[in-house]
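One structure below.
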Amino acid sequence: MTKVMNLLSGLCGLIVGVANSRSLACAIAQAAHHAGAEIALSYQNDRFSKHVHKIGKELNAAFVSACDVNNDEEIAALGEQVEKQWGRLDFLVHAVAFAKREELSGDFLATSRDGFRLALDTSVYSLVGLTRCLTPMLKLGVGAPSVLTLSYLGGERAVPNYNVMGVAKAALEAAVRYLACDLGPYGIRVNALSPGPVRTLSAAGVSGLRDLMGFIEHAAPLRRNIDAQDVGDAAVFALSSLSRGVTAEVIHVDGGYSKTGVPPFTI
């Protein structure tokens, strides 16, 4: 673990979308914990309960709670739990994304109306709903209160098989900019990390992931794929007062791949 001790000391944060020990949300939770933050974890449904409660115990989480982000009542209940626990919130990490597996292969043209709605509601509107609910507590946060979400290059460029999730990530990045403008006057920052592909349970649903990672390993300036720890450490920076002047940004954590044009001819 990179030495990030005390960067988040005294802060309390909610991390939404933890699925298992290999998820990026878990990596961020671990990094935030090691940086001194007191954290709470939220997961989508009972399918993830056992795994996330185990993670919460390991990280001495203030609480671990289920929250269906497609349900406004459950979002409100989560907000009440945060208020009861801390009375304020210093950071919110939104690590929620979902699309039907059948929508993540083949042609985007085949996207169903229901699949489009579900991907946008779960992956984008959930950020809006959670942020709106938690804004009163973020206004009371110390340091440089922050909202952080996770995007991907597929929201900027067409990536094979990413399909409707790419459209959702594009909308998510637009939401980041609009929320940043709304909340900036209160000193609350809103940003996104855009990691390169990492082998997680959710990423496994995208067809051709192995081939994509093999290409990036040779084409990225750092000549490697990133890992979950890279994402966790970048999140600590984005959540800490070191980035107090940064908002409305999409921070790429991808070994420089997103900034390249023609890949090396030697591959």
Side-chain angles (χ1 to χ4, degrees), residues 16-20 22-25 43-48 51 67-72 74-75 94-131 149-179 192-220 225-226 228 231 250-255 257-263 267:
V16 179
V18 184
N20 54 58
R22 293 178 58 193
S23 65
L24 293 184
Y43 57 93
Q44 183 74 356
N45 54 45
D46 290 342
R47 172 189 173 194
F48 305 107
H51 298 293
C67 179
D68 179 357
V69 296
N70 298 101
N71 186 309
D72 287 336
E74 292 199 22
I75 289 177
H94 171 271
V96 180
F98 181 79
K100 293 181 178 181
R101 181 178 289 270
E102 58 267 29
E103 309 281 7
L104 299 178
S105 62
D107 294 336
F108 171 67
L109 188 65
T111 304
S112 67
R113 184 182 297 274
D114 181 64
F116 188 93
R117 177 200 60 77
L118 181 61
L120 272 289
D121 186 19
T122 307
S123 308
V124 185
Y125 187 77
S126 60
L127 174 66
V128 180
L130 283 162
T131 302
T149 189
L150 296 179
S151 189
Y152 175 59
L153 185 61
E156 302 174 45
R157 305 177 190 175
V159 174
N161 298 312
Y162 204 55
N163 296 354
V164 70
M165 187 54 70
V167 176
K169 293 301 188 184
L172 181 70
E173 292 181 10
V176 164
R177 292 186 285 271
Y178 280 94
L179 289 171
L193 294 184
S194 183
V198 180
R199 295 188 188 279
T200 64
L201 183 63
S202 59
V206 180
S207 300
L209 178 67
R210 179 175 296 181
D211 291 338
L212 176 63
M213 294 184 72
F215 176 80
I216 290 174
E217 185 175 2
H218 292 89
N225 284 285
I226 61 127
V231 180
V250 177
I251 303 169
H252 293 85
V253 187
D254 62 359
Y257 177 74
S258 59
K259 299 300 182 287
T260 60
V262 178
I267 65 173

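None of these values were measured; they are calculated from a predicted model.
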Next on the checklist: Tell me if a side-chain donor or acceptor on T149 pairs with a main-chain N or O of H94 at a distance below 3.5 Å.
Outcome noted: yes
Checklist entry - Is there side-chain contact between D121 and S126, with at least one heavy-atom pair below 4.5 Å? => result no
Checklist entry - What pair of heavy atoms forms the shortest contact from S123 to A97, and how long is it? => result OG-CA, 3.4 Å
Checklist entry - Should the pair K259-D254 be classified as a salt bridge under the 4.0 Å nitrogen-to-oxygen rule? => result no
Checklist entry - Y152 and V159: side chain to side chain contact (heavy atoms under 4.5 Å, CB included), yes or no, with the steps? => result CA-CA 10 Å; Y152 175 59; V159 174; 4.1 Å; yes
Checklist entry - Within a strict 4.5 Å, meaning less than it, do heavy atoms of the N161 and L104 side chains meet? => result no
Checklist entry - Between atom OH of Y162 and atom OG of S105, what is the distance when rounded to the nearest 0.5 Å? => result 14.5 Å
Checklist outcome for this item: To the nearest 0.5 Å, atom SG of C67 lies from atom CD of E74 at 6.0 Å
Checklist entry - Side chains of N45 and D68: closer than 4.5 Å at any heavy-atom pair? => result no
Item to check | Nearest heavy atoms of V96 and G17, plus distance in Å | outcome: CG2-CA, 4.0 Å
Checklist entry - Between CG of L172 and OG of S194, what distance do you get to the nearest 0.5 Å? => result 10.0 Å
Checklist entry - Which distance, rounded to the nearest 0.5 Å, do you find between the CG of L24 and the CD1 of I226? => result 7.0 Å
Next on the checklist: For a 4.5 angstrom cut-off between non-hydrogen side-chain atoms, does L118 reach F98?
Outcome noted: yes
Next on the checklist: Any heavy-atom pair between the side chains of V198 and N225 that's under 4.5 Å?
Outcome noted: no
Checklist entry - How far apart are the C-alpha atoms of V167 and F108, what are their side-chain angles, what is the distance that settles it, and do they pass the side chain to side chain contact (heavy atoms under 4.5 Å, CB included) test? => result CA-CA 10 Å; V167 176; F108 171 67; 3.7 Å; yes
Checklist entry - More than 12 heavy atoms of other residues, nucleotides or ligands under 6.0 Å from CG of D46: is that the case? => result no
Checklist entry - Closest heavy-atom contact between S112 and E103? => result OG-OE2, 2.6 Å
Checklist entry - Is the backbone of N20 close enough, under 3.5 Å, to the side chain of S23 for a donor and an acceptor to pair up by distance? => result yes
Checklist outcome for this item: In this structure, OG1 of T111 is separated from CE of M165 (nearest 0.5 Å) by 11.0 Å
Checklist entry - So which heavy atom on A219 is nearest to which on T260, and how close? => result O-CG2, 4.2 Å
Checklist entry - Minimum heavy-atom separation for S151 to A192, with atom names? => result CB-CB, 4.5 Å
Checklist entry - Do we see a donor-acceptor contact under 3.5 Å between the side chains of E156 and S258? => result no
Next on the checklist: Could you check whether any side-chain heavy atom of Y178 comes within less than 4.5 Å of a side-chain heavy atom of V128, counting everything from C-beta outward?
Outcome noted: no
Next on the checklist: As an exercise, state the distance from CG of L150 to CG of L193, rounded to the nearest 0.5 Å.
Outcome noted: 6.0 Å
Next on the checklist: Using every non-hydrogen atom in the two residues, find where P195 and V231 come nearest and quote the distance to one decimal.
Outcome noted: CB-CG2, 3.7 Å
Item to check | Residues Y125, N70; criterion side chain to side chain contact (heavy atoms under 4.5 Å, CB included); working and verdict | outcome: CA-CA 8 Å; Y125 187 77; N70 298 101; over 6 Å; no
